[in-house]
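Okay, so here's the structure we're looking at.
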Amino acid sequence: MTTLDAYLDSSRGPDAADLAVLLRGMAGAGIKIADELARAALVGQLGTTGDTNVQGEKVKKLDVWANDVVVAALDATGRTCTLVSEEMEEIRHSPERCAGARFVVCFDPVDGSSNLDVNGIVGTIFSVLKKRGSGPDHARADVLQPGTAQAAAGYIMYGPSTLLMLTIGDGLHGFTLDRARGAWVRTLAGVRIPTRGRTYSINDGNFIRWPAGVRRFVEHVRAMDVATGRPYTARYVGSLVADVHRTVHDGGIYLYPEDAAGSGKQSTGKLRLMYEASPMAWLIEQAGGAASTLSARILDLKPTGPHQRVPLVIGSPEDVRMAEEFYADRRG
Ligand code: FBP
């Protein structure tokens with residue numbers, strides 16, 4: 001079974017060697033976070049810090065701890081000097097580290113943090129972009145690149161096993177942490193998502209705020225019609241990593257739409273483009289899936305800010321197309 005190291009060593013391309021160093025750093029941070037999650041309740045690492053982050057969310061102790069672990073691991077690679085994190089309001093640009101820097105990294109250190117205190121599945125999500133310019137003024141332009149410019153994307157899922165799902169542009173692969181060997185071993189190679197699924201995943205509690213097209217789509221997949229495999233079953237973990245991973249594996253669709261006009265505060269959606277929607281979109285497209293806002297392809301979006309929020313609908317291509325048709329009133 002191929003290890004992550006062997007897989008990265010065999011990858012080709014002008015930046016392959018530098019990208020390998022950076023990704024090993026991220027994978028190393030994942031091991032530390034997995035270890036800390038396993039003992040968090042024993043060492044008082046659960047609960048909040050009392051602060052509120054740039055997203056307006058109560059900050060969990062592990063959010064900050066994991067953020068520092070990822071920043072230190074990426075700094076140690078010497079391959080990046082510009083970082084964006086859900087837990088850091090500003091773009092962290094360190095000119096003194098730019099000499100060997102080739103990449104910009106956007107990451108969510110603990111995705112699904114509402115699951116932390118209930119021992120639920122959480123994850124780390126990351127997106128790697130090529131550094132194009134030099135100097136502090138260029139840092140923002142380096143960050144605000146569309147998803148099509150990603151050099152790598154991945155998530156680390158802290159579940160019964162610790163799993164790294166990764167793409168560097170040659171398909172979607174999964175590496176399971178083998179603690180005995182201290183190595184990541186490829187257990188999923190060239191993952192392909194089913195073209196259509198039988199599962200939908202959305203926070204039903206937001207029903208009253210969904211755009212009309214989303215309501216019609218959900219009512220459609222809930223309706224009885226054996227011939228088209230309906231009703232779909234509902235699954236929602238409340239952690240993007242867990243809900244997308246199940247969707248990649250089994251097929252189906254995950255939706256976090258914007259709130260309909262006048263119905264709520266998330267008029268542009270909840271999830272963040274740079275370190276949630278964009279990396280997940282590339283990962284799922286590499287597996288033959290689709291990801292959209294329901295009116296535009298996520299990877300084509302031109303970012304406007306490091307913490308920009310967007311609607312995210314992601315999954316099997318036929319299901320995403322169907323949801324887009326209901327949203328555009330072309331169906332139902
Ligand atoms: P963070 O936990 O990193 O803030 O991520 C956002 C998130 O928790 C996603 O993982 C998840 O899919 C979604 O928000 C759940 O939102 P809600 O509780 O509104 O359904």
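Just so you know, these numbers use all the heavy atoms, side chains as well, and skip hydrogens, waters and symmetry mates. All ligand and atom numbering here is 1-based and tracks the order in the structure.
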- Using a distance-only test with no angle check, is there a side-chain donor-acceptor pair under 3.5 angstrom linking Asp319 and Tyr200? no

- Query: Do the rings of Tyr275 and His307 sit parallel, tilted or perpendicular, given the 30° and 60° boundaries?
  - Reply: perpendicular

- Find all atoms of ligand 1 within a distance of less than 4.0 Å from any non-hydrogen atom belonging to Leu240, and give their numbers and elements. 9 (C), 10 (O), 11 (C), 12 (O)

- Heavy atom of the protein closest to atom 20 (O) of ligand 1 (residue, atom name, distance): Tyr236 OH, 2.6 Å

- Run the numbers for me: atoms of ligand 1, each under 4.0 Å from some heavy atom of Glu57, listed by number. 4 (O)

- Query: Any idea how Tyr155 and His245 line up, ring-wise: parallel (<30°), tilted (30 to 60°), or perpendicular (>60°)?
  - Reply: perpendicular

- Task: Taking atom types as modelled, find out whether Asp259 and Ser267 have a side-chain donor-acceptor pair closer than 3.5 angstrom.
- Result: no

- Counting heavy atoms under 4.0 Å, the part of Tyr275 that contacts ligand 1 is neither

- Pair Arg297 + Asp300: basic N to acidic O under 4.0 Å: yes

- Note on the structure: Taking only non-hydrogen atoms of Ser113 and a 4.0 Å limit, the atoms of ligand 1 in range are 2 (O)

- Task: Distance to 0.1 Å, residue and atom name: give those for the protein heavy atom nearest to atom 19 (O) of ligand 1.
- Result: Tyr256 OH, 2.6 Å

- Query: Taking only heavy atoms of Gly238, which atoms of ligand 1 are found under 4.0 Å from at least one of them?
  - Reply: 8 (O), 10 (O), 11 (C), 15 (C)

- What protein heavy atom sits nearest atom 14 (O) of ligand 1, and how far off is it? Lys270 NZ, 3.1 Å

- Item | Note, Lys60 side chain near Asp117 side chain (heavy atom, < 4.5 Å) | yes

- Message: Quick one: does any side-chain atom of Thr293 pair with a main-chain N or O of Ala296 as donor and acceptor, under 3.5 Å?
- Response: yes

- Report yes or no: does Ser114 have a heavy atom closer than 4.0 Å to ligand 1? no

- Same hydrophobic cluster for Tyr256 and Leu299, using side-chain heavy-atom links shorter than 4.5 Å among ILVMFWY? no

- Query: Of the choices Pro109, Ser239, Gly112, which has the non-hydrogen atom that lies closest to atom 1 (P) of ligand 1?
  - Reply: Gly112

- With a 4.0 Å heavy-atom cut-off (strictly under), which part of Asn203 contacts ligand 1: side chain, backbone, both or neither? side chain

- Could you label the plane-to-plane angle of the Phe207 and Trp210 rings as parallel, tilted or perpendicular, counting under 30° as parallel and over 60° as perpendicular? perpendicular

- Could you see which bit of Arg272 sits under 4.0 Å from ligand 1, with heavy atoms only: side chain, backbone, both or neither? side chain

- Atoms of ligand 1 under 4.0 Å from any heavy atom of Glu86, numbered from 1 in the order shown, are 1 (P), 3 (O), 4 (O)

- Message: Test your reading of the structure: does Leu271 have an N or O sitting under 3.5 Å from an N or O of ligand 1?
- Response: no

- Note on the structure: Looking only at protein heavy atoms, what sits closest to atom 12 (O) of ligand 1 is Tyr254 OH, 3.0 Å

- Query: Val110 near ligand 1, heavy-atom distance under 4.0 Å?
  - Reply: yes

- atom 10 (O) of ligand 1: nearest protein contact (heavy atom, Å): Asp111 OD1, 2.6 Å

- Is Arg331 paired with Glu325 through a side-chain N to carboxylate O contact shorter than 4.0 Å? yes

- Message: When you compare ligand 1 with Asp243, is there at least one nitrogen or oxygen pair between them that comes in under 3.5 angstrom?
- Response: no

- Taking atom types as modelled and ignoring hydrogens, do the side chains of Glu258 and Gln266 form a donor-acceptor contact shorter than 3.5 angstrom? no

- Which bit of Asp108 is near ligand 1, meaning a heavy atom under 4.0 Å away: side chain, backbone, both or neither? side chain

- Can you list the residues that meet the salt bridge (Lys or Arg N to Asp or Glu O under 4.0 Å) rule with Arg215, with sequence neighbours excluded? none

